[in-house]
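Following: one structure in structure tokens, then a few remarks.
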Amino acid sequence: PLYFLLYSLFFTVSPWAQEVNEYMCDPKNDFEHGKVYKLFPDFNTCVQSVPKVMVPAMIPRLLIYLYSIKGCWEYVRCHPDNDGKGLCGSETKAREEYKALPAV
């Protein structure tokens with residue numbers, strides 16, 4: 001949630017938003033090999049539309065980020081070296097809850 005908020009604010013209302021949007025839309029800068037400015041007919045339209053493109057484009061990265069956090073959380077909770085340390089509010093011992101699978 002904080003990532004989404006900061007990313008969204010950066011391209012919309014931050015003190016740098018206008019300057020960043022202009023940089024991304026200026027063909028002389030060749031930002032991302034022109035991916036951004038080629039989407040729009042002129043410079044002003046591009047500058048006004050950058051937030052409308054960048055904020056939705058962040059959603060797949062946000063989903064990957066949230067899934068990664070979930071994976072890290074589960075790893076910390078089930079790792080045997082963390083037993084008895086009270087990490088993540090779980091007192092369950094990993095060795096008791098998760099039995100090792102036989103080797104194939």
Side-chain angles (χ1 to χ4, degrees):
L2 184 61
Y3 175 75
F4 176 76
L5 179 67
L6 293 176
Y7 190 96
S8 300
L9 293 176
F10 179 75
F11 286 106
T12 55
V13 297
S14 76
W16 310 282
Q18 184 69 22
E19 186 177 343
V20 169
N21 297 346
E22 288 174 1
Y23 179 85
M24 292 172 69
C25 291
D26 190 350
K28 293 183 288 189
N29 297 324
D30 197 28
F31 180 77
E32 292 287 324
H33 306 292
K35 290 179 192 174
V36 178
Y37 71 82
K38 289 178 183 174
L39 293 172
F40 305 100
D42 60 63
F43 179 77
N44 292 329
T45 305
C46 180
V47 170
Q48 293 172 354
S49 302
V50 164
K52 295 173 189 165
V53 172
M54 295 304 292
V55 173
M58 172 270 315
I59 292 173
R61 289 184 291 236
L62 178 63
L63 295 175
I64 292 168
Y65 172 74
L66 291 175
Y67 186 76
S68 300
I69 292 294
K70 181 186 182 306
C72 292
W73 180 268
E74 293 300 324
Y75 177 78
V76 167
R77 287 191 64 226
C78 75
H79 196 277
D81 290 343
N82 292 330
D83 287 350
K85 294 182 181 177
L87 296 172
C88 303
S90 174
E91 292 299 320
T92 304
K93 299 226 180 274
R95 295 181 205 284
E96 294 170 6
E97 188 175 338
Y98 301 102
K99 301 298 179 198
L101 296 173
V104 178

Which heavy-atom pair separates T12 from A17 by the least distance, and what is that distance? O-CB, 3.8 Å
How far does CG of N29 sit from OH of Y23, to the nearest 0.5 angstrom? 4.5 Å
Would V53 and V36 satisfy side-chain contact (heavy atoms from CB on, under 4.5 Å), going step by step from the backbone distance to the final call? CA-CA 9 Å; V53 172; V36 178; over 6 Å; no
What closest approach, in Å, do R61 and A57 show between heavy atoms, and which atom pair accounts for it? NH2-O, 3.7 Å
Scanning both residues in full, the closest heavy-atom pair of P56 with P51 reads CD-O, 3.8 Å
To the nearest 0.5 Å, tell me how far K52 NZ sits from L39 CG. 13.5 Å
Please report the shortest heavy-atom distance between N44 and D42, naming the atom on each side. N-OD1, 3.1 Å
Does D26 reach the main-chain N or O of K28 with its side chain, forming a donor-acceptor pair under 3.5 Å? yes
Flag side-chain contact, heavy atom, 4.5 Å: F11 against M24: yes
Hydrophobic clustering (ILVMFWY, side-chain heavy atoms < 4.5 Å, transitive) - are V50 and V20 grouped together? yes
Same cluster for W16 and V47 if Ile/Leu/Val/Met/Phe/Trp/Tyr side chains link at under 4.5 Å? no
